[in-house]
Amino acid sequence: MKKQKIIIDCDPGIDDALALMYAIQHPSLDVIAITITPGNVPTSLGVHNALLILEKLNRLDIPVYAGLENPLKRDFVSAQDTHGIDGLGETHFTRQTDTAAQPTSAVDFLADFFQKPTDVSIIALGPLTNIAKALQNNPSLGKHCQRFVSMGGNFKSNGNCSPVAEYNYWCDPHAAQEVFEKLGKSIEMVGLDVTREIVLTPNLLEYTRHLNQETADFIQQITRFYFDFHWEYETIIGCVINDPLAVAYFINPDICAGFSAYTDISTEGIALGQTVIDSHNFYGKPSNAHILTTVNTYSFWKDFLTTLFHAQIDEELVKKFI
Ligand code: BDR
Ligand code: CA
């Protein structure tokens, strides 16, 4: 089977780390580069965390590019309250090697890479800061990438940073607004309506110890802080892992369903960062996004667990634990 080539733009981040582990080990994906955007953690810390995951997977051959350090216009607000001061649940893991990020910036890399048509897609798991800037430098970027999947936004689900806004688009609403307006390709939006269905429960986590103890221990360590955050702010026992769903949906779009609509991002006032999705076509503008609203959670967990743990799962048990 021909592997699908992807570039992952991310801000690791606990769920970004899980998404990287998933994508890198998936038999149908070829991760050709990782670009780091300011988001959950400052960019330099995101670079450190991406390299830590690559080191762990023995995949330091995948180049990492450091992106911008601040959103386009707003002051930077990280999500270290959610992901821990180190971005990985305050595990403070240290690296064993000194491999560094590439000398080229993520923005230059992305703008240059998509100068010509390619068979490479982008999966964006953080604020769209790097993508917006690369698009300013190369307006053909959208036309020259295969697919563009973005974890962010929300339709009917409430926000997680304000009543109406999701973190990635709230952190850099101007970047999100520019990308939705100017990409020139339908943005496949994996928002909170579907990612909130993906809850890593204590039972499921415990079950994974019987699939591969070392991997389970690592996931348990990085998600402990995230569990506490979810209990405190959302009264959830477990944690929502948003970003891996964007990868799963990229691999198999049939696991989610939704609709296409014109979508804009609010850049000011009380609706800052909100995805304004014209599901009833008030504006009469052509659709620029595909908005996902439902997900087959078991299909997600099946592919995610078998990939991360290199093991067959027990369907009945997993269905009971999700
Ligand atoms: C998004 O924000 C971040 O905290 C997560 O990594 C995810 O990309 C969810 O709102
Ligand atoms: Ca993220």
Side-chain angles (χ1 to χ4, degrees), residues 6-23 34-43 45-50 53 64 67 71 74 76-90 106 122-131 149-155 157-173 175-176 179 187-200 219 222-223 225-230 232-234 236 238-250 265 272-275 291-292 295:
I6 56 168
I7 292 172
I8 300 183
D9 187 65
C10 60
D11 57 339
I14 297 165
D15 59 335
D16 300 77
L18 295 173
L20 288 175
M21 290 167 72
Y22 177 35
I34 296 169
T35 55
I36 306 297
T37 197
N40 290 325
V41 289
T43 303
L45 200 46
V47 167
H48 172 273
N49 292 342
I53 297 297
V64 175
R74 273 193 86 201
F76 177 45
V77 183
S78 78
Q80 283 157 297
D81 58 339
T82 316
H83 295 260
I85 195 71
D86 65 346
L88 291 179
E90 311 208 332
I122 296 176
I123 302 182
L125 303 177
L128 295 171
T129 313
N130 288 339
I131 306 294
V149 174
S150 164
M151 191 280 128
N154 47 311
F155 174 50
S157 195
N158 60 285
N160 58 5
C161 278
S162 80
V164 296
E166 178 281 329
Y167 176 74
N168 288 338
Y169 297 174
W170 173 88
C171 176
D172 195 342
V179 174
I187 294 171
E188 300 173 61
M189 194 189 98
V190 184
L192 296 177
D193 300 78
V194 280
T195 66
R196 277 209 167 102
E197 302 296 315
I198 308 298
V199 180
L200 176 61
I219 296 178
I222 66 171
T223 55
F225 187 96
Y226 216 26
F227 267 53
D228 292 340
F229 177 88
H230 279 79
E232 195 175 337
Y233 290 93
E234 309 220 3
I236 287 173
C239 63
V240 174
I241 54 167
N242 305 278
D243 293 337
L245 182 62
V247 175
Y249 163 75
F250 175 83
I265 314 296
L272 186 83
Q274 181 178 9
T275 30
I291 311 295
L292 302 176
V295 53

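Computed from a prediction, not measured in an experiment: that's the story for all the values here. One-based numbering, in listed order, for ligands and for the atoms of each.
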Stepwise ring-ring contact (aromatic ring centres under 6.0 Å, His included) test for H83 and Y226:
CA-CA 6 Å; H83 295 260; Y226 216 26; 5.1 Å; yes
In terms of atom number and element, which parts of ligand 1 are under 4.0 angstrom from non-hydrogen atoms of [X]?
| X | answer |
| --- | --- |
| E166 | 1 (C), 2 (O), 9 (C), 10 (O) |
| L125 | 8 (O) |
| D15 | 5 (C), 6 (O), 7 (C) |
| N242 | 9 (C) |
| N160 | 9 (C), 10 (O) |

Check the side chains of [Y] and [X] for a donor-acceptor pair under 3.5 angstrom, ignoring hydrogens and angles.
| X | Y | answer |
| --- | --- | --- |
| Y233 | T82 | no |
| T37 | D11 | no |
| T35 | N130 | no |

Any N or O of [X] that comes nearer than 3.5 Å to an N or O of ligand 1?
| X | answer |
| --- | --- |
| D11 | no |
| D243 | yes |
| H83 | yes |
| M151 | no |

Nearest heavy-atom pair of [X] and [Y]: which atoms, and what distance?
| X | Y | result |
| --- | --- | --- |
| G46 | P12 | O-CG, 3.4 Å |
| V190 | T195 | CG1-CG2, 3.9 Å |
| A246 | V149 | O-CG1, 3.9 Å |

So between N40, V240, L18, whose heavy atom ends up nearest atom 4 (O) of ligand 1?
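Checking each option, the heavy atom nearest atom 4 (O) of ligand 1 is found in N40.
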With respect to the Ca ion (ligand 2), please indicate if D11 possesses an N, O or S atom at a distance under 3.0 Å.
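Yes, since at least one N, O or S atom of D11 sits under 3.0 Å from the Ca ion (ligand 2).
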Quick check: does P12 put an N/O/S atom under 3.0 Å from the Ca ion (ligand 2)?
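So P12 does not count as coordinating the Ca ion (ligand 2).
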Just how far is it from atom CD of E166 to atom OG of S157, taken to the nearest 0.5 Å?
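Nearest 0.5 Å value for the CD-OG distance: 10.0 Å.
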Using the six-membered ring wherever Trp is involved, compare the ring planes of Y167 and W170 and label them parallel, tilted or perpendicular (cut-offs 30° and 60°).
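Geometry flag for W170 against Y167: tilted rings.
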Report the atom name of the nearest N/O/S atom of D243 relative to the Ca ion (ligand 2).
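Checking each N, O and S atom of D243, the shortest distance to the Ca ion (ligand 2) belongs to OD2.
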For T82, state whether at least one heavy atom is located under 4.0 Å from any atom of ligand 1.
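The answer is no: ligand 1 sits nowhere under 4.0 Å from a heavy atom of T82.
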D16 contact mode with ligand 1 (heavy-atom cut-off under 4.0 Å)
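Side chain only.
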Side chains of T275 and I265 in contact at under 4.5 Å (non-hydrogen atoms)
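Of all side-chain heavy-atom pairs linking I265 with T275, at least one is under 4.5 Å.
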